[in-house]
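Each chain gets a letter, A, B and so on, in the order its sequence line appears, and its residues count up from 1.
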Amino acid sequence: DGGITQSPKYLFRKEGQNVTLSCEQNLNHDAMYWYRQDPGQGLRLIYYSQIVNDFQKGDIAEGYSVSREKKESFPLTVTSAQKNPTAFYLCASSANYGYTFGSGTRLTVV
Amino acid sequence: QKEVEQDPGPLSVPEGAIVSLNCTYSNSAFQYFMWYRQYSRKGPELLMYTYSSGNKEDGRFTAQVDKSSKYISLFIRDSQPSDSATYLCAMTLSGGAQKLVFGQGTRLTINP
């Protein structure tokens with residue numbers, strides 16, 4: 001079955017820690033995206049990549065970093081510089097139209 | 001002002017009702033319009049995809065785009081409890097792998 005796999009489903013971070021969220025796709029899509037979802041605010045774009053070894057900042061990139069070393073993988077690191085990281089994080093990929101989303105990772109700061 | 005505005009609801013209707021969900025937008029260059037459905041604690045799934053103005057029907061769902069008014073709608077006929085979810089509108093300037101701009105999402109509950 002083709003799709004996007006995000007892991008872990010739930011993640012807890014201590015203050016001052018960096019954490020990395022995994023996103024893997026087997027759809028052979030070139031473009032991949034990371035969104036953050038907060039209640040009442042919809043989806044906000046963090047980073048996106050349209051090709052391997054290239055990525056661009058989205059609307060809320062501060063405190064986040066990404067890499068795109070393989071077509072299938074687009075991990076997101078939430079750094080200690082992100083002051084309010086508690087949110088639902090969604091990874092997506094696209095080819096011709098629309099996005100295919102993963103099931104999300106819920107990150108909580110403890 | 002947000003680029004895409006969507007009433008967050010919540011919206012609660014009885015089973016069998018016709019539901020109307022709407023979004024307005026400010027960028028007249030948007031050409032492709034989508035509706036996503038998101039169940040609780042899940043990723044959104046693509047429901048409808050339309051290009052430019054006009055209507056598109058798929059079973060109980062109809063998507064409508066009025067570019068002159070910068071207004072899009074999703075109608076759900078004969079609504080079912082399984083339609084209870086958050087509905088997100090999204091749009092982009094061109095086709096292919098492009099950034100989508102999302103509305104805030106409308107939370108819909110269909111009561112049996």
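- Side-chain contact check for T86(B) versus Q37(A): every heavy-atom pair is 4.5 Å or farther apart.
- Rounding to the nearest 0.5 angstrom, the gap separating the NZ atom in K42(B) from the CZ atom in F101(A) is 15.5 Å.
- A donor-acceptor pair under 3.5 Å is absent between the side-chain atoms of Y33(A) and the main chain of L100(B), judged by distance alone.
- Ranked by heavy-atom pairs under 4.5 Å with chain A, the list G43(B), P44(B), G105(B) is led by P44(B).
- For L45(A), the part sitting under 4.5 Å from any heavy atom of chain B is the side chain, from C-beta outward, and nothing else.
- A continuous path of ILVMFWY side-chain contacts below 4.5 Å connects V78(A) to Y47(A), so both sit in one hydrophobic cluster.
- Atom NZ of K9(A) is separated from atom CZ of R41(B) by 9.0 Å, given to the nearest 0.5 angstrom.
- Interface residue Q38(B): only side-chain heavy atoms are found under 4.5 Å from chain A.
- No single ILVMFWY cluster, assembled from side-chain heavy atoms under 4.5 Å apart, contains both V109(A) and W34(A).
- With a 4.5 angstrom heavy-atom cutoff, Y10(A) touches chain B only via side-chain atoms.
- Nearest heavy-atom pair across K99(B) and Y99(A) is CA-OH, 3.4 Å.
- Linking ILVMFWY side-chain heavy atoms closer than 4.5 Å, directly or via other members, places I60(A) and Y35(A) in two distinct hydrophobic clusters.
- Using a 4.5 Å cut-off on side-chain heavy atoms (C-beta onward), Y36(B) and L43(A) make no contact.
- I46(A) and L11(A) end up in the same hydrophobic cluster when Ile, Leu, Val, Met, Phe, Trp and Tyr side chains are linked at under 4.5 Å.
- For chain A, no part of R107(B) is nearby; none of its heavy atoms comes within less than 4.5 Å.
- The cluster map of Ile, Leu, Val, Met, Phe, Trp and Tyr, joined by side-chain heavy atoms under 4.5 Å apart, puts L47(B) and V101(B) in the same cluster.
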